[in-house]
Amino acid sequence: MSVKTTAAIALCQATYGVMRALGRTARALPGKLALKVDPDLIRNLSQGHKTIVITGTNGKTTTTHMVQQAIINAYGSAAYDPSSTNLAQGIATTLCLDSTLTGQRKSDWAVIESDEGATKRLLPATLPQVLVVTNLYRDQVDRYPTWTTARDYIIQAIKSSPDTTLVLDADCQVTASIARAVPNKVVWFGMECAPYEDGVADFDEQVDCVECGAPLDFGRRSFAHLGEFSCPACGYSHRRADVAVISVSDKQEKSCTLTLRVHEREVQLPVNVRAGYDIYNAVAAFAGLVTLGVPQEQVVEALGHFTHAAHRFEIFDVEGTQTRLLLMKNTAGCNQLINMLVSEEELPRNLVCLLGKEIMDGLSTEWIQDVRWEKLITPQTRVIVGGPCHQDMADRLQRAGVDPARMSVQTDYAALVAQIAALGEPVTVIANCSTIEALRLELVKKYQPTDYWAE
């Protein structure tokens with residue numbers, strides 16, 4: 001191990017220790033400083049790990065947490081980031097914390113969540129055994145202006161890692177098209193049943209073929225543009241999944257049982273998830289783990305005990321008020337939150353809707369216009385809006401039918417927590433990345449003293 005790499009590890013670990021003592025998340029800055037000392041740090045510390053990388057527009061954080069919990073359950077430890085920092089500096093921090101000062105790894109396994117754009121840097125450095133791509137939607141138009149921008153970044157990255165096995169969503173025509181551009185081995189996953197009995201129809205009026213631009217036909221459709229697609233113009237069509245959900249049963253508030261077809265065998269998989277997109281995440285995690293070589297029995301056991309990452313279905317008891325946090329990122333994902341809420345016994349009476357436009361959110365808020373908010377709203381719905389873009393949120397919800405007299409604005413997060421506590425009945429928070437993080441920090445101060453960055 002070079003002196004430069006040793007110095008980078010020491011700087012990262014020292015910075016991390018100081019920042020954690022100050023109560024900071026300490027995931028980006030330590031790695032950023034370390035990479036300035038040793039730009040090849042990720043490559044140097046990845047050597048010898050058995051690595052799986054997870055990327056995609058929606059679901060990568062949940063899928064990553066499913067995978068890391070399964071590997072830790074099976075093997076005891078893994079290098080991973082509990083705070084889901086998915087850019088190079090966060091991955092550098094994760095690998096430094098999993099190394100001694102001499103560069104010896106503490107864990108044999110590395111579970112890495114990667115932003116789609118960051119794969120260009122991370123795949124050549126980590127050369128993972130497995131890459132899982134969950135799906136590719138229209139998302140963060142300032143960074144990914146077309147359907148194929150993120151896909152093309154991922155293709156570029158894969159070309160630098162020819163021995164990586166790809167685990168791809170067969171139902172996503174954009175993700176599936178990756179296989180047409182690279183020679184890597186592919187394992188396909190998908191869903192061959194409806195995720196909801198009575199969901200919200202959130203299908204685009206027309207989905208055009210990513211290969212030729214002609215309108216696609218669908219034999220079956222899960223939601224958004226996912227499903228059994230075919231193009232009558234150029235012949236591009238859906239691949240039958242190697243690992244597929246063929247039925248969803250025993251549906252509870254926070255769990256269900258999936259029947260999977262795994263290379264023509266049926267496997268029962270109880271999972272602590274309920275939403276349709278999380279069912280996709282579960283089958284993606286299952287396929288990725290089995291492809292990585294984790295025994296199937298251990299995968300089933302681990303996924304049955306999965307607990308969500310922060311912000312995703314996290315519940316706080318706020319002075320007796322049950323407060324549920326739901327993360328929204330883009331139109332398709334938010335519509336699936338609404339699918340889930342509509343499928344519950346009753347609609348939420350109290351909503352907190354927070355909207356910001358930090359870099360992590362994407363700089364445009366236009367995507368909220370196409371969300372089916374109308375499905376959540378009744379004359380009794382009470383709403384608090386907040387965040388830097390609260391006016392955009394308020395305008396859209398009023399058009400969805402919220403009575404202005406039953407809507408209030410609260411931009412101070414500490415005051416918002418107090419307002420939630422005073423409601424005295426369950427609250428559902430729907431917020432994007434920066435705003436849900438800010439609210440959660442206030443909640444953690446009083447109602448959950450151990451935060452999710454604790455090692």
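All values below come from the heavy atoms of this structure, side chains included, with hydrogens, waters and symmetry mates left out.
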>> Main chain of Gln69, side chain of Asn73: is a donor-acceptor contact present, judged purely on distance under 3.5 Å?
In response: no
Centre-to-centre under 6.0 Å for His225 and Tyr137, is that the case here? yes
Any non-hydrogen side-chain atom of Asn184 less than 4.5 Å from a side-chain atom of Thr165? no
(Q) Is it true that Thr126 and Ser46 share a donor-acceptor pair across their side chains at a distance under 3.5 Å? (A) no
In terms of ring plane angle, is the pair Phe229 and Tyr236 parallel, tilted or perpendicular, where the classes change at 30° and 60°? tilted
Review point. Going by an N to O cut-off under 4.0 Å, is there a salt bridge joining Arg440 and Glu437?
Key: no
Checklist entry - Leu292 and Ile71: side-chain contact (heavy atoms from CB on, under 4.5 Å), yes or no, with the steps? => result CA-CA 10 Å; Leu292 191 62; Ile71 288 176; 3.9 Å; yes
message: When you compare the side chains of Arg27 and Thr93, does any donor N or O come within less than 3.5 Å of an acceptor on the partner?
response: no
Residue pairs meeting salt bridge (Lys or Arg N to Asp or Glu O under 4.0 Å), one or both in residues 181-194, sequence neighbours left out, come to Glu192-Arg261
Residue pairs meeting salt bridge (Lys or Arg N to Asp or Glu O under 4.0 Å), one or both in residues 160-182, sequence neighbours left out, come to Asp171-Arg220, Arg180-Glu211
Fill in: Exam field: side chain Lys32 to backbone Ala88, donor-acceptor pair closer than 3.5 Å
no
Backbone of Thr331 reached by a side-chain donor or acceptor of Asp370 within 3.5 Å:
no
- [ ] Determine yes or no for a side-chain-to-main-chain donor-acceptor pair under 3.5 angstrom, with Arg43 supplying the side chain and Pro124 the backbone.
- [x] yes
From the list Ile158, Val187, Val133, side chain to side chain contact (heavy atoms under 4.5 Å, CB included) partner of Leu166 resolves to Ile158
Modelled atom types, side-chain donor and acceptor of Tyr447 and Thr323, under 3.5 Å:
no
Margin query: Between Gln104 and Ser99, do the side chains contain a donor N or O and an acceptor N or O under 3.5 Å apart?
Written below: no
Short N-O contact, Arg151 and Glu116, less than 4.0 angstrom:
no
**Prompt:** Does Met328 reach the side chain of Leu355, with side-chain heavy atoms less than 4.5 Å apart?
**Reply:** yes
_If you define the side chain from C-beta out and look only at heavy atoms, does anything of Ile436 sit under 4.5 Å from Leu325?_
yes
Assess whether atom CD of Glu358 is packed by more than 12 heavy atoms of other residues, nucleotides or ligands within 6.0 Å. no
query = So, Ser237 and Ser230: side-chain donor and acceptor under 3.5 Å apart, yes or no?
reply = no
**Asked** Short question: side chain of Ser364, backbone of Glu366 - any donor-acceptor pair under 3.5 Å?
**Response** yes
task: State, yes or no, whether a side-chain contact exists between Val444 and Leu441 at a heavy-atom distance under 4.5 Å.
output: no
Quick check: does any side chain N or O of Ser255 sit under 3.5 Å from a backbone N or O of Asn272, one acting as donor and the other as acceptor?
no
Could you walk me through whether Ile430 and Leu341 satisfy the side-chain contact (heavy atoms from CB on, under 4.5 Å) test, starting with their C-alpha distance in whole Å, then the side-chain angles of each, then the deciding distance to 0.1 Å, before giving a yes or no?
CA-CA 11 Å; Ile430 302 177; Leu341 294 171; 4.1 Å; yes
The single option from Thr134, Asn135, Asn330 that satisfies side-chain hydrogen bond (donor to acceptor under 3.5 Å, both in side chains) with Asn58 is Asn330
No-hydrogen, no-angle side-chain donor-acceptor test under 3.5 Å, Thr102 and Thr100:
yes
One should read off an interatomic distance between Ile154 CD1 and Leu131 CG, to the nearest 0.5 angstrom, of 7.0 Å
Problem - Side chain proximity check, Leu45 to Arg105, heavy atoms < 4.5 angstrom - result: no
Lys106 side chain vs Leu97 backbone, donor-acceptor pair below 3.5 Å:
yes
Exercise. Can any side-chain N or O of Trp188 pair as donor or acceptor with the backbone N or O of Ala244 at less than 3.5 Å?
Worked result: no
- Between Arg240 and Glu264, is there a salt bridge with N-O shorter than 4.0 Å? yes
For this session: Just do the side-chain contact (heavy atoms from CB on, under 4.5 Å) check on Val300 and Val267 with the steps written out, would you?
Result: CA-CA 9 Å; Val300 171; Val267 174; 4.0 Å; yes
Query - Side-chain heavy-atom pair Val271, Thr257 within 4.5 angstrom cut-off - result: no
What verdict does the side-chain contact (heavy atoms from CB on, under 4.5 Å) test give for Val132 and Ile52, after you've listed the backbone C-alpha separation in whole Å, the side-chain angles of each residue and the deciding distance to 0.1 Å? CA-CA 8 Å; Val132 177; Ile52 181 170; 4.0 Å; yes
Determine whether Thr291 and Val243 make a side-chain contact, defined as any pair of heavy atoms from C-beta on separated by less than 4.5 Å. no
- Query: Ignoring hydrogens and geometry, is there a side-chain-to-backbone donor-acceptor pair from Asn432 to Gly356 under 3.5 Å?
  - Reply: yes
Applied to residues 117-135, the salt bridge (Lys or Arg N to Asp or Glu O under 4.0 Å) test, sequence neighbours excluded, yields none
request  = State, yes or no, whether a side-chain contact exists between Gln296 and Phe286 at a heavy-atom distance under 4.5 Å.
outcome  = yes
Q) Can you tell me if Gln13 uses its side chain to pair, donor with acceptor, with the backbone of Cys96 under 3.5 Å? A) yes
Using only heavy-atom distances, determine whether the side chains of Ser2 and Thr5 contain a donor-acceptor pair under 3.5 Å.
yes
